[in-house]
Amino acid sequence: MLVGILVALIIVIVIVVAVIRQKDFVIEDAPKVTVTSPAFKINGTIPIEYTGNGEDISPELRLSKLDDEAVSLAVIMDDIDHPLAGVYNHWLIWNLPINQVIPAKIPSGEQIAELGNAVQGTGYGKHRYRGPKPPFGSHRYKYHVFVLNKKLDLSADTKKAELLTAMKGHILQYGYLVGEYPGK
């Protein structure tokens with residue numbers, strides 16, 4: 001009897017996890033912006049200093065051919081191989097000034113004065129970059145970059161879904177960079 005209850009409970013848990021697992025996304029209907037980094041190659045290994053096992057600093061991101069109408073930039077960084085969540089958000093930042101380089105080592109905090117008062121939302125429960133630190137196995141991390149035609153009026157308590165909703169209709173360009181980091 002107890003074994004039957006445990007089996008039923010496991011089946012329910014598997015179904016719930018499958019239903020709530022987030023899926024990775026790509027914005028298909030926006031012109032592309034190329035995203036690269038001097039820290040790692042496309043689909044390459046993310047160096048330890050940019051991870052939770054190292055200095056936990058954001059890498060420099062480089063953008064090419066920005067739209068002349070661009071007003072601000074936004075970045076979402078996700079673990080796209082999370083074993084339970086499917087996709088797990090690590091970092092949100094928006095209202096970055098238009099520049100072909102998003103600098104490395106963006107400091108923690110809700111608002112970043114040195115970056116035109118860019119706002120960091122609550123990715124990973126923090127107002128800061130939280131780098132890769134998979135508990136086991138190798139995980140891929142995706143740095144989504146959005147070129148927007150406006151600044152967003154959102155509080156620092158904004159989460160990923162709210163940011164994505166606020167950007168709808170304002171995305172001039174979109175691109176991403178994927179890197180990989182091995183777990184323990």
Side-chain angles (χ1 to χ4, degrees), residues 19-37 46 50-52 56-64 66-67 69-82 84-133 139-179 181:
V19 169
I20 64 171
R21 281 178 64 89
Q22 294 184 23
K23 301 212 179 338
D24 185 27
F25 68 91
V26 173
I27 307 296
E28 297 286 350
D29 58 347
K32 303 297 179 222
V33 63
T34 301
V35 183
T36 60
S37 177
I46 299 170
Y50 304 103
T51 75
D56 211 7
I57 57 173
S58 59
E60 178 180 301
L61 300 175
R62 295 182 181 170
L63 315 175
S64 66
L66 294 173
D67 190 294
E69 306 285 318
V71 173
S72 70
L73 303 171
V75 177
I76 294 175
M77 192 270 265
D78 291 325
D79 174 345
I80 59 174
D81 292 323
H82 193 278
L84 296 177
V87 172
Y88 190 80
N89 181 244
H90 276 246
W91 186 38
L92 302 170
I93 188 167
W94 61 89
N95 292 348
L96 287 159
I98 294 302
N99 197 326
Q100 290 192 314
V101 176
I102 298 171
K105 301 180 184 179
I106 292 177
S108 63
E110 293 181 6
Q111 229 173 15
I112 311 302
E114 56 268 38
L115 290 174
N117 291 322
V119 181
Q120 292 188 102
T122 52
Y124 211 92
K126 308 282 185 187
H127 299 283
R128 63 183 278 254
Y129 174 84
R130 183 66 174 106
K133 192 176 180 180
H139 288 215
R140 293 169 299 150
Y141 295 83
K142 194 173 202 178
Y143 296 80
H144 302 270
V145 177
F146 303 84
V147 180
L148 306 174
N149 65 3
K150 68 180 269 184
K151 285 194 170 190
L152 303 172
D153 186 19
L154 299 169
S155 82
D157 292 327
T158 296
K159 294 182 175 27
K160 177 180 159 182
E162 298 162 311
L163 176 58
L164 286 167
T165 298
M167 290 190 294
K168 281 186 181 166
H170 302 289
I171 301 170
L172 297 173
Q173 293 172 287
Y174 164 78
Y176 61 87
L177 172 64
V178 176
Y181 187 69

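Along the sequence shown, residues are numbered consecutively beginning with 1. Values in this document were obtained by computation on a predicted structure and should not be read as measured data.
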**OP:** Decide, yes or no, whether a salt bridge links Arg140 with Asp81 under the criterion of side-chain N to carboxylate O below 4.0 Å.
**Re:** yes
Original post:
Are Asp56 and Lys133 ion-paired here, with the side-chain N under 4.0 Å from a carboxylate O?
Top reply: no
Subject >> CD1 on Ile171 to CG on Asp29, rounded to 0.5 Å >> reply: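 So the CG of Asp29 and the CD1 of Ile171 are separated by 7.5 Å.
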Original post:
What is the distance from atom NZ of Lys160 to atom CG of Leu92, rounded to the nearest 0.5 Å?
Top reply: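 Nearest 0.5 Å value for the NZ-CG distance: 8.5 Å.
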Original post:
What orientation do Tyr129 and Trp91 show, parallel under 30°, tilted 30 to 60°, or perpendicular over 60°?
Top reply: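 Taking Trp91 first and then Tyr129, their aromatic rings stand perpendicular (interplane angle over 60°).
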Original post:
Taking the inter-plane angle between the rings of His144 and Phe146 on a 0 to 90° scale, is it parallel (under 30°), tilted (30 to 60°) or perpendicular (over 60°)?
Top reply: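 The rings of His144 and Phe146 lie parallel, inter-plane angle below 30°.
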Subject >> Partners passing ring-ring contact (aromatic ring centres under 6.0 Å, His included) against Tyr50 (at least two apart in sequence or in another chain) >> reply: none
Subject >> Criterion side chain to side chain contact (heavy atoms under 4.5 Å, CB included) on Leu63 and Val101, from CA distance to verdict >> reply: CA-CA 6 Å; Leu63 315 175; Val101 176; over 6 Å; no
Original post:
What residues form a side chain to side chain contact (heavy atoms under 4.5 Å, CB included) with Lys150, not counting sequence neighbours?
Top reply: Leu152, His170
Subject >> Test log, rule side chain to side chain contact (heavy atoms under 4.5 Å, CB included), inputs Leu73 and Ile98 >> reply: CA-CA 6 Å; Leu73 303 171; Ile98 294 302; 3.8 Å; yes
Hey, does the side chain of [X] reach the backbone of [Y] with a donor-acceptor pair shorter than 3.5 angstrom?
X: Ser37; Y: Leu61; value: no
X: Gln120; Y: Pro107; value: yes
X: Ser72; Y: Leu96; value: no
X: Asp67; Y: Glu69; value: yes

**OP:** Decide if atom OH of Tyr141 counts as having more than 12 heavy atoms of other residues, nucleotides or ligands within a radius under 6.0 Å.
**Re:** yes
